[in-house]
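Remarks on the structure that follows.
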Amino acid sequence: MYENLTNDELRVYHILEGLGDSESLTGSQIMERLTIKDRRYFHQIIFDLRSKGMPVVSKKNRYHSGYRIARTKSELASFLQDKELYIATHKKIIEAMRGAAETIF
């Protein structure tokens, strides 16, 4: 499971794995713990972990945001449903803008 992870991916995963059931950490908190200064690099680590099948989920609302490891199938399913809705919404925006571009230009 861990053999495909880089050292930094493994470090992030272990931090998240050590959180309690309802705990999460913001990207800034994780970066501070690992002394990572480049936010784009941190986001790439999260992207790579997810691309390798690690169940890193995130929540963002006006009260709290943060990363954690999904502990249940339903938690992962909820995260994936949110991502699918995000993608569907942005596909509609792209199509609307393409249509507008046809009439404007």
Side-chain angles (χ1 to χ4, degrees):
M1 180 172 169
Y2 301 122
E3 54 275 346
N4 293 344
L5 302 182
T6 66
N7 285 338
D8 284 341
E9 291 166 357
L10 195 57
R11 292 169 63 210
V12 170
Y13 191 82
H14 282 312
I15 286 172
L16 296 176
E17 196 174 43
L19 297 175
D21 284 346
S22 61
E23 291 181 293
S24 63
L25 291 174
T26 65
S28 296
Q29 290 169 318
I30 298 167
M31 289 172 60
E32 185 177 312
R33 287 187 186 193
L34 298 177
T35 62
I36 294 173
K37 303 216 183 301
D38 185 345
R39 184 164 293 279
R40 281 179 280 164
Y41 178 65
F42 170 73
H43 284 250
Q44 186 64 48
I45 291 171
I46 297 297
F47 178 85
D48 291 343
L49 283 167
R50 289 173 173 166
S51 296
K52 292 175 181 180
M54 306 309 273
V56 176
V57 297
S58 55
K59 276 284 188 199
K60 188 174 189 176
N61 60 43
R62 63 181 165 149
Y63 303 112
H64 183 72
S65 65
Y67 295 93
R68 57 181 280 103
I69 301 297
R71 303 230 188 243
T72 65
K73 281 185 182 181
S74 64
E75 183 180 6
L76 182 57
S78 175
F79 170 77
L80 295 175
Q81 185 177 19
D82 289 347
K83 286 293 185 190
E84 288 170 341
L85 179 60
Y86 177 87
I87 291 167
T89 300
H90 282 79
K91 281 184 177 182
K92 288 179 184 176
I93 291 169
I94 289 167
E95 290 306 313
M97 291 179 77
R98 281 190 179 136
E102 292 298 319
T103 60
I104 294 172
F105 303 107

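Given the structure is predicted, the values throughout are model-derived calculations rather than measurements. When reading the values below, keep in mind they use all heavy atoms of this one structure, side chains included, and skip hydrogens, waters and symmetry mates. One-based numbering along the sequence shown.
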Exercise. Among all residues two or more places apart in sequence or in another chain, which pass the side chain to side chain contact (heavy atoms under 4.5 Å, CB included) test with S22?
Worked result: none
Seminar exercise, completed: Value for CE (M97) from CD1 (I104), rounded to nearest 0.5 Å, stands at 8.5 Å
Exercise. Do the side chain of R68 and the main chain of L19 share a donor and acceptor less than 3.5 angstrom apart?
Worked result: no
Problem set entry | Closest heavy-atom pair and its distance - H64, S24 | NE2-OG, 2.6 Å
Exercise. M54 and I15: same hydrophobic cluster, using ILVMFWY side-chain contacts below 4.5 Å?
Worked result: yes
For this session: May I ask you to check whether over 12 heavy atoms, not counting those of Q44, lie within 6.0 Å of atom CD?
Result: yes
Seminar exercise, completed: When rounded to the nearest 0.5 Å, the distance separating NZ of K91 from OH of Y86 is 13.0 Å
For this session: Look at the side-chain heavy atoms of Ile, Leu, Val, Met, Phe, Trp and Tyr, link any pair under 4.5 Å apart, and say whether L5 and F42 land in one connected group.
Result: yes
For this session: Kindly work out whether a path of hydrophobic side-chain contacts (I/L/V/M/F/W/Y, heavy atoms less than 4.5 Å apart) joins Y67 to L76.
Result: no
Exercise. Taking everything shown except N7 itself, do over 12 heavy atoms lie less than 6.0 Å from its CG?
Worked result: no
For this session: Give, for atom OG of S65 and atom CG of L25, the distance between the pair rounded to the nearest 0.5 Å.
Result: 10.5 Å
Exercise. How close do D82 and K59 get, heavy atom to heavy atom, and via which atoms?
Worked result: OD2-NZ, 3.3 Å
Exercise. Given D8, which of I45, D48, L49 fulfils the side chain to side chain contact (heavy atoms under 4.5 Å, CB included) condition?
Worked result: I45
Problem set entry | Minimal non-hydrogen separation, E9 against T6, with atom names | OE1-N, 2.9 Å
Problem set entry | Any donor-acceptor N/O pair, E75 side chain to R71 backbone, under 3.5 Å | yes
Problem set entry | Co-membership, hydrophobic cluster, residues V12 and F47, 4.5 Å side-chain | no
Problem set entry | Where V57 and R50 come nearest, the two heavy atoms and their spacing | C-NH2, 3.8 Å
For this session: With side chain to side chain donor-acceptor pair (under 3.5 Å) as the test, would you mind laying out the steps for S28 and T26 before giving the verdict?
Result: CA-CA 5 Å; S28 296; T26 65; 4.7 Å; no
Problem set entry | H43: side-chain hydrogen bond (donor to acceptor under 3.5 Å, both in side chains) partners, not counting sequence neighbours | none
Problem set entry | Atom of I69, atom of L16 and distance for their closest heavy-atom approach | CG1-CB, 3.6 Å
For this session: Answer yes or no: is there a donor N or O on one side and an acceptor on the other, between the side chain of T89 and the main chain of L85, under 3.5 Å?
Result: yes
For this session: Inspect the contact between R98 and E95 and indicate whether a charged nitrogen and a carboxylate oxygen are less than 4.0 angstrom apart.
Result: yes
